[in-house]
Every structure is written in C-alpha cells, then in structure tokens.
Asker: 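Let me begin by handing over the structure; questions about it come next.
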Amino acid sequence: MESTRHLEPWNKGKLVGQKPPLKPKDIWAIRIQLQNAHQVRDLAMFNLAIDSKLRGCDLVNLHVRDITHGNQILARAMVVQRKTQRPVQFELTEPTRAAVAAWIEKGKLKPEQFLFPSRHSKSPHVSTRQYVRISRNVTADFASS
C-alpha cells in the first residue's frame with residue numbers, strides 16, 4: 001500500500017515577488033518608531049540605506065572614515081560599489097547625519113572601524129544576512145500597508 005502525502009507549498013497564501021516600495025509617510029513612521037525604541041544602530045542603518053540606496057553588501061562594508069571627516073559627518077559621500085566597481089555619490093540628509101553621529105558616539109567607533117561592526121569575532125562587520133533580518137524586522141509592519 002502506498003501512502004500519498006500531500007505537501008503544501010511553502011508560499012501558499014503568501015504574496016510572492018517584489019514588494020511595493022515604502023511610501024514617504026511609512027519611512028517617517030519607521031524613523032519615529034526606531035527613535036522611540038532607542039534603536040540607535042538600526043536607525044542609523046535604516047536612514048543610511050534610504051539616503052544612499054546602496055546594496056546591502058556595500059552598506060555593511062562602510063567604514064566610519066567613508067562618511068566622516070574628522071569628527072564631522074559628511075553631507076556628501078562617495079563609495080565604490082562592489083558589484084559594478086563604479087563610484088556612487090550620495091547625499092546624507094540632516095536626520096541621517098544626526099543618527100549616524102549618535103551611533104558612532106554610542107559605539108565609540110574609530111575612523112578605521114566598520115560603521116556597523118559585528119559582535120562576533122569571526123566577522124569584522126554585520127553580515128548581509130543579518131542586515132536583511134534587521135531590515136525585515138524594521139519594515140515588517142509597513143510593507144503591506
């Protein structure tokens with residue numbers, strides 16, 4: 001006797017494909033939520049991701065010196081993309097500069113350090129997988145609205 005076991009697809013009932021972009025009101029709501037929760041690193045990461053439009057691998061590879069000059073956060077920064085090897089220039093808005101400055105101060109980061117260092121000794125910076133987890137946690141409530 002054969003037993004036929006019917007397996008449900010993992011994505012049954014779920015929306016698949018590209019998610020709709022965040023609306024400006026959602027971006028501001030996320031920023032306020034992160035500020036109220038005192039999530040300094042996540043706020044700096046979110047703001048920097050929005051302003052720079054960098055891929056995750058490029059964002060986690062940023063050093064403090066890439067966006068600072070002395071103890072000031074630059075209004076404009078330039079990074080060479082890992083995938084295309086092309087330079088990308090982006091502007092840092094005032095809320096982003098304030099969030100990044102707060103993160104650098106809280107983390108006591110030096111110019112030669114990664115902007116988002118890992119807590120594990122194996123990796124010098126937050127992994128791209130961890131960055132995706134953080135992003136999903138931050139944007140989970142707003143992607144479907």
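Atom set for the values below is all heavy atoms of this structure, side chains included, hydrogens, waters and symmetry mates excluded. Position 1 is the first residue of the sequence, and the numbers go up from there.
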Asker: Supply the atom-to-atom distance Asp42 CG to Trp103 CH2, rounded to the nearest 0.5 angstrom.
Answerer: 8.5 Å

Asker: Identify the two heavy atoms, one from Arg82 and one from Asp58, that lie closest to each other, and give their separation to 0.1 Å.
Answerer: N-OD1, 3.0 Å

Asker: How far does OH of Tyr131 sit from CZ of Arg55, to the nearest 0.5 angstrom?
Answerer: 12.0 Å

Asker: Considering non-hydrogen atoms only, spot the tightest contact between Ile27 and Ile50 and give its length.
Answerer: CD1-CD1, 4.2 Å

Asker: Using salt bridge (charged side-chain N to carboxylate O under 4.0 Å, His left out) as the criterion, list what pairs up with Glu105, not counting sequence neighbours.
Answerer: none

Asker: Does the side chain of Val126 reach to within under 4.5 Å of the side chain of Pro117, using non-hydrogen atoms?
Answerer: no

Asker: What's the spacing between His125 NE2 and Gln113 CD if we round to 0.5 Å?
Answerer: 13.0 Å

Asker: For Arg76, which residues count as a salt bridge (charged side-chain N to carboxylate O under 4.0 Å, His left out) partner, sequence neighbours excluded?
Answerer: Glu91

Asker: Nearest heavy-atom pair of Asn47 and Pro95: which atoms, and what distance?
Answerer: ND2-O, 3.6 Å

Asker: If you measure from CG on Leu62 to CG on Leu48, what distance do you get to the nearest 0.5 Å?
Answerer: 6.0 Å

Asker: Which heavy-atom pair separates Asn61 from Asp66 by the least distance, and what is that distance?
Answerer: O-OD2, 4.3 Å

Asker: Could you tell me whether the side chain of Leu59 reaches within less than 4.5 Å of the side chain of Met45, counting heavy atoms only?
Answerer: yes

Asker: What heavy-atom pair brings Ser118 and Ser123 nearest, and what distance separates the two atoms?
Answerer: CB-O, 3.2 Å

Asker: Let me confirm one number: the CZ-NE2 distance from Phe114 to His63, rounded to the nearest 0.5 Å.
Answerer: 3.5 Å

Asker: Using a 3.5 Å distance criterion without hydrogens, assess whether the side chain of Thr96 forms a donor-acceptor pair with backbone atoms of Leu92.
Answerer: no

Asker: Side chains of Leu34 and Val40: closer than 4.5 Å at any heavy-atom pair?
Answerer: no

Asker: Heavy atoms only: give me the nearest Ala77-Ile67 pair and the separation to one decimal.
Answerer: CB-CG2, 4.1 Å

Asker: Thr139 versus Ile30: any side-chain heavy-atom pair under 4.5 Å?
Answerer: yes

Asker: Does either side chain, that of Ser127 or that of Gln130, offer a donor lying less than 3.5 Å from an acceptor on the other one?
Answerer: no

Asker: Can you tell me how far CG of Leu43 sits from CZ of Arg31, rounded to the nearest 0.5 angstrom?
Answerer: 8.0 Å

Asker: Provide the full list of ring pair (Phe, Tyr, Trp, His ring centres under 6.0 Å) pairs with a residue in residues 64-83, sequence neighbours left out, each pair given once.
Answerer: none

